[in-house]
Amino acid sequence: MKANVGGIDKILRIVVGLALVAWAVMGGPIWAWIGVVPLATGLLGWCPAYTLLGIKTCPMKKD
């Protein structure tokens with residue numbers, strides 16, 4: 001699993017994921033638990049959908 005989520009994308013995923021999970025914990029709708037997905041992909045730095053679509057938002061490493 002090579003990292004394909006970087007920078008601002010990672011921060012947004014974590015913030016949105018935390019917000020949705022917090023909403024679900026506080027009695028929000030059951031679908032708010034979907035926030036676990038962006039939270040996990042943000043923390044791991046890897047998104048399976050990005051892999052399938054060939055998208056990469058992390059900067060390229062220079063040798």
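Keep in mind that what you see is a predicted model, and the values were worked out from it rather than measured.
The minimum heavy-atom distance linking Pro38 with Gly17 is given by the pair CG-CA, 4.1 Å. Nearest heavy-atom pair across Cys58 and Ala3 is SG-O, 3.2 Å. Scanning all heavy atoms of the two residues, the minimum distance from Cys47 to Thr41 falls at CA-CG2, 4.2 Å.
Summarising the geometry, atom CG belonging to Leu18 is positioned 13.5 Å from atom CZ belonging to Arg13; distances are rounded to the nearest 0.5 Å. How far CG of Leu44 is from CE of Met1: 5.5 Å, rounded to the nearest 0.5 Å.
Residues satisfying the side-chain contact (heavy atoms from CB on, under 4.5 Å) criterion with Ile11, sequence neighbours excluded, are Val15.
Screening Val5, Asp9, Asn4 for a side chain to side chain contact (heavy atoms under 4.5 Å, CB included) with Lys56, the sole residue that qualifies is Asn4. Looking at Leu20, Ile34, Ile14 one by one, the single match for side chain to side chain contact (heavy atoms under 4.5 Å, CB included) with Leu39 turns out to be Ile14.
Cluster annotation: Val16 is connected to Val37 through the hydrophobic network of ILVMFWY side chains, with a link wherever side-chain heavy atoms come within less than 4.5 Å.
Pairs passing the ring pair (Phe, Tyr, Trp, His ring centres under 6.0 Å) check and including a residue from residues 25-54, sequence neighbours excluded, read Trp23-Trp31.
For CD1 of Ile30, the number of neighbouring non-hydrogen atoms (other residues, nucleotides, ligands) closer than 6.0 Å is 12 at most. Counted within 6.0 Å of CD1 on Ile8, heavy atoms from surrounding residues, nucleotides or ligands total 12 or fewer; the atom is thus considered open.
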